[in-house]
Each structure stands twice: as structure tokens, then as C-alpha cells.
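Here is the structure we will look at, set down as C-alpha cells.
Each chain gets a letter, A, B and so on, in the order its sequence line appears, and its residues count up from 1.
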Amino acid sequence: MLTQDFLRHRRREQLSEEELAALDAIMSPPVRIPKRTTIIRAGEPTDRSTFLLRGFMCRFLDAAVGHRQILSLETSGDFVDLHGYPMKRLDHDIATIGDCEVAYAQHDKLTALIERYPRLGRMLWFSTLVDAAMHREWIFRLGRLDAEGRIAHLICETFARLCAVGQVDDDTFEWPLTQQEIGEACSLTSVHVNRTLRTLREAGLVEIARQRVHVLERAKLARMAEFTPDYLYLGNHDRTP
Amino acid sequence: MARYFFHLFNDEVTSDDEGTECPDDEAAIALAEEEVAIQAAESVRRHRHMVRSHHIVLANEAGDTVTTITFGDVVTVQE
């Protein structure tokens with residue numbers, strides 16, 4: 001199933017087999033997109049939404065001078081621009097970080113889908129509200145945490161999200177971000193990121209090498225990041241109406 | 001674009017293995033000055049002092065030093 005990671009470990013169980021099959025059926029065949037490719041630009045009219053099957057993408061805004069600000073990371077199972085469906089254009093760009101595989105959902109097919117399956121429509125709404133919750137957490141991260149805390153937070157969040165889609169093995173996960181991209185996500189310069197990663201490594205908390213992150217002390221990292229995963233709405237405790 | 005490496009020498013040595021792409025030496029030097037200013041500010045924020053001789057060595061892809069910029073080079077103290 002193409003959309004097997006959609007809301008996986010996040011209320012996916014609340015969807016019926018029929019609803020899951022109907023969602024899968026509107027997807028285009030998989031498309032591969034090379035790393036560091038901008039796939040959608042702010043302001044362009046859009047008539048389809050992108051479902052990320054595999055890889056890392058980011059939403060970002062370009063600064064007039066200097067680097068872009070990465071607004072969010074997108075990982076497997078994310079409907080990266082589902083908000084483009086009701087809005088019909090985006091107010092930011094989206095690019096791949098590593099090599100990605102995606103499937104597209106045409107907006108007219110989404111309309112037919114949510115008219116036939118209103119509950120599925122509410123679950124799609126829920127998924128974009130989780131994105132909004134992550135954006136709030138990112139504001140907190142950038143506004144209130146120091147360099148160590150920001151990077152620790154980004155790692156804790158990515159760890160939790162990838163865990164949910166079965167992409168963490170032995171506390172290790174794929175990490176195609178360069179130090180410059182970590183800087184763009186955490187509002188830090190490259191030198192500052194490099195220095196901070198060294199501090200985290202020497203404290204025995206995390207090791208980043210060869211495009212992989214190995215979390216050594218998850219609880220300590222979470223404490224440094226003031227990270228609790230509540231805002232990710234993982235698990236199946238609460239029921240979407 | 002060429003790749004430049006920003007090695008930081010403050011209370012410890014943090015070598016830059018990944019580098020950053022810049023259009024030319026001039027742009028890389030400007031970025032290095034900015035990085036030095038940020039590290040000096042971070043030192044003041046954390047330790048309430050900065051050491052003038054702490055520096056960044058800017059190297060090019062060949063491994064040659066383009067320039068060395070000290071904290072003292074970019075920070076002045078006024079009365």
C-alpha cells in the first residue's frame with residue numbers, strides 16, 4: 001500500500017479498511033525526486049498534493065540576504081502540502097533534502113474522496129492540524145532554546161516521528177541534513193552548528209556521522225531540548241470524531 | 001560555487017569537515033567575519049568575556065588557508 005505510513009501510529013487504526021483503500025486509490029504511481037530539488041514555489045497555483053513515501057523534505061522561506069529559514073521537516077507518511085488543497089497556493093516553498101519518492105493526489109480526486117468519506121476528510125484535517133502543532137513547537141524551539149537545545153529538540157522530534165513509521169533501528173536513523181541545513185532549521189550558522197554538534201557528541205548524547213544520527217542518551221537529550229512528544233499526537237488514545 | 005571550510009579555534013578546536021559553498025573568496029571571507037562575530041557574541045553571552053586571539057581559519061577546497069580572522073579583528077570595545 002502506497003499510503004501505509006499515513007497517520008501510522010497516529011490514529012491510523014481509526015480509519016476503516018475501505019477508507020484506507022480509497023485514499024490509496026487516488027494516488028498517482030510513485031515518482032522519484034532527486035535530492036535538493038525545489039518541488040513547489042510560493043504563489044504557484046496548485047491542483048495536486050504531494051504524499052511523501054520515502055525521504056526527507058522541508059518547507060522553507062527564502063531570506064532576501066543569506067540563507068533560507070527551514071520551517072518544518074517532512075518525513076515518510078507526511079502529506080507535505082495537503083494545506084495547498086483548500087488554499088490552492090502555498091505561502092512558502094517545498095524542497096527535497098535527500099532523494100525522495102512521492103505520490104500525488106489530484107485535488108479533484110481529493111474532493112470526491114472526502115465527499116464520499118467525510119470521516120476520512122476529518123482525518124486529513126487532523127493531519128494538517130498536527131503540522132500546525134509542529135509549527136507552534138518550532139516557534140518555541142527557535143524563540144526559547146539555546147543552540148544545544150534547538151538541535152537536541154530537532155533530533156528528538158525527528159526520532160519520535162521516524163519511530164512512528166518504523167525508521168529507527170538501534171536508536172539510529174537516516175539523516176541527510178548537512179550542517180548548513182541544520183543551521184537553516186535551527187536559525188544557527190554552520191560554524192555554530194558544527195561547534196554545537198561537537199558539544200553534544202562530547203557530552204555523550206548523540207553521534208552524527210555518515211548521514212545517520214545515533215541517539216545515545218535519549219532522556220538527557222529530551223531534557224536539554226525541553227522535549228515532550230505530546231504535540232505530535234502519536235498513539236491512538238484520543239478519537240477524532 | 002566553491003566549498004570553503006571554517007575551522008574554529010576558541011577554547012577548543014572544532015574543525016569543519018563539511019564546509020559551506022560560497023561564490024568566491026570575498027564572499028567566504030565576509031561569511032567568516034560574520035561567524036567570528038557570532039562566536040565572539042556567544043562567548044560574551046556564556047562567559048561574559050571573549051578572547052581576542054580566538055579565531056576562525058578559513059580554508060579552501062585545496063586545504064590552503066585563505067585567511068585567519070580573530071575575534072579581536074571584528075570586535076571593537078568603545079567607552
Side-chain angles (χ1 to χ4, degrees), chain A residues 35-38 56 60 62-70 95 97-98 142-152 154 175-213 224, chain B residues 1-48 50-51 53-61 65-75:
Chain A
K35 63 185 176 187
R36 297 186 176 80
T37 306
T38 299
F56 280 72
F60 67 95
D62 261 323
V65 179
H67 292 296
R68 61 188 178 167
Q69 176 67 46
I70 291 181
I97 294 179
L142 297 180
R144 282 288 165 255
L145 300 180
D146 63 10
E148 279 98 352
R150 289 182 205 175
I151 293 178
L154 180 64
W175 182 258
L177 280 76
T178 61
Q179 66 192 23
Q180 184 174 314
E181 286 161 339
I182 298 171
E184 289 166 352
C186 294
S187 300
L188 299 168
T189 64
S190 282
V191 167
H192 208 160
V193 169
N194 197 17
R195 171 71 201 267
T196 307
L197 289 177
R198 184 198 164 113
T199 305
L200 295 177
R201 186 169 60 240
E202 287 182 347
L205 300 178
V206 65
E207 188 77 54
I208 300 184
R210 294 179 296 280
Q211 304 212 317
R212 298 190 76 74
V213 167
M224 173 182 274
Chain B
M1 294 282 255
R3 191 160 285 278
Y4 292 86
F5 298 85
F6 299 74
H7 306 299
L8 174 65
F9 295 77
N10 50 7
D11 43 325
E12 55 187 8
V13 180
T14 307
S15 62
D16 179 3
D17 301 326
E18 205 171 286
T20 302
E21 286 191 331
C22 296
D24 51 31
D25 282 8
E26 194 184 346
I29 291 167
L31 184 57
E33 287 174 352
E34 183 67 16
E35 293 279 14
V36 166
I38 289 166
Q39 288 305 314
E42 183 67 8
S43 176
V44 170
R45 191 181 75 79
R46 282 189 174 236
H47 309 301
R48 296 293 185 266
M50 66 110 193
V51 180
S53 63
H54 285 175
H55 58 279
I56 282 178
V57 171
L58 174 64
N60 60 21
E61 247 164 306
T65 298
V66 177
T67 187
T68 297
I69 303 168
T70 68
F71 287 19
D73 289 338
V74 300
V75 177

Task: Proximal component of B/I56, with respect to chain A [non-hydrogen, under 4.5 Å] - done: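 Interface part for B/I56: side chain.
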TODO: Below 4.5 Å from any heavy atom of chain A, which atoms of B/E34 appear? Answer side chain, backbone, both or neither.
DONE: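 Neither; nothing under 4.5 Å.
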Open item on the list: When you compare the side chain of B/D16 with that of A/V191, does any pair of heavy atoms fall below 4.5 Å?
Closed with: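 No, every pair of side-chain atoms sits at 4.5 Å or beyond.
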- [ ] Would you mind reporting whether B/I38 and A/H192 have side-chain heavy atoms less than 4.5 Å apart?
- [x]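 They are in side-chain contact.
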- [ ] Could you tell me the separation between the CD atom of B/E35 and the CG atom of A/N194, rounded to the nearest 0.5 Å?
- [x]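 Rounded to the nearest 0.5 Å, the CD-CG separation comes to 9.5 Å.
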- [ ] To the nearest 0.5 angstrom, please state how far the CZ atom of B/F6 sits from the OG1 atom of A/T189.
- [x]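 If I round to the nearest 0.5 Å, the distance is 9.5 Å.
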Open item on the list: The criterion is ring-ring contact (aromatic ring centres under 6.0 Å, His included); which residues satisfy it with B/F71, sequence neighbours excluded?
Closed with: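 B/F71: ring-ring contact (aromatic ring centres under 6.0 Å, His included) contacts with B/H54.
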TODO: Check ring-ring contact (aromatic ring centres under 6.0 Å, His included) between B/H7 and all other residues, then give those that pass, not counting sequence neighbours.
DONE: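 Applying ring-ring contact (aromatic ring centres under 6.0 Å, His included) to B/H7 gives none.
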Run the side-chain donor-acceptor check on residues 21-30 of chain B: report pairs under 3.5 Å with partners two or more places apart or on a different chain.
residue, atom, partner, partner atom, Å
B/D24, OD1, B/E26, N, 3.3
B/D24, OD1, B/A27, N, 2.9
B/D25, OD1, B/Y4, OH, 2.5

Task: Nearest non-hydrogen partners of B/T20 and A/S190, listed with the distance - done: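 Heavy atoms only, the tightest pair is OG1-OG, 3.5 Å.
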Task: Interface residues of residues 178-186 of chain A facing chain B - heavy atom cut-off under 4.5 Å - done: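 The residues closer than 4.5 Å to chain B, in numerical order, are A/T178, A/Q179, A/Q180.
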Task: Enclosure of B/R3 CZ (heavy-atom neighbours >12, cutoff 6.0 Å) - done: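 Check passes, neighbour count above 12.
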Task: Residues A/R195 and B/D11 bridged, charged N to O under 4.0 Å - done: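 The answer is yes: the pair qualifies as a salt bridge.
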- [ ] For the pair A/E148 and B/R46, find out whether any cationic side-chain nitrogen is under 4.0 Å from an anionic carboxylate oxygen.
- [x]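 B/R46 and A/E148: salt-bridged.
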Task: Among B/T14, B/L8, B/N10, residue most engaged with chain A (heavy-atom pairs, under 4.5 Å) - done: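 Of the candidates given, the most pairs with chain A belong to B/T14.
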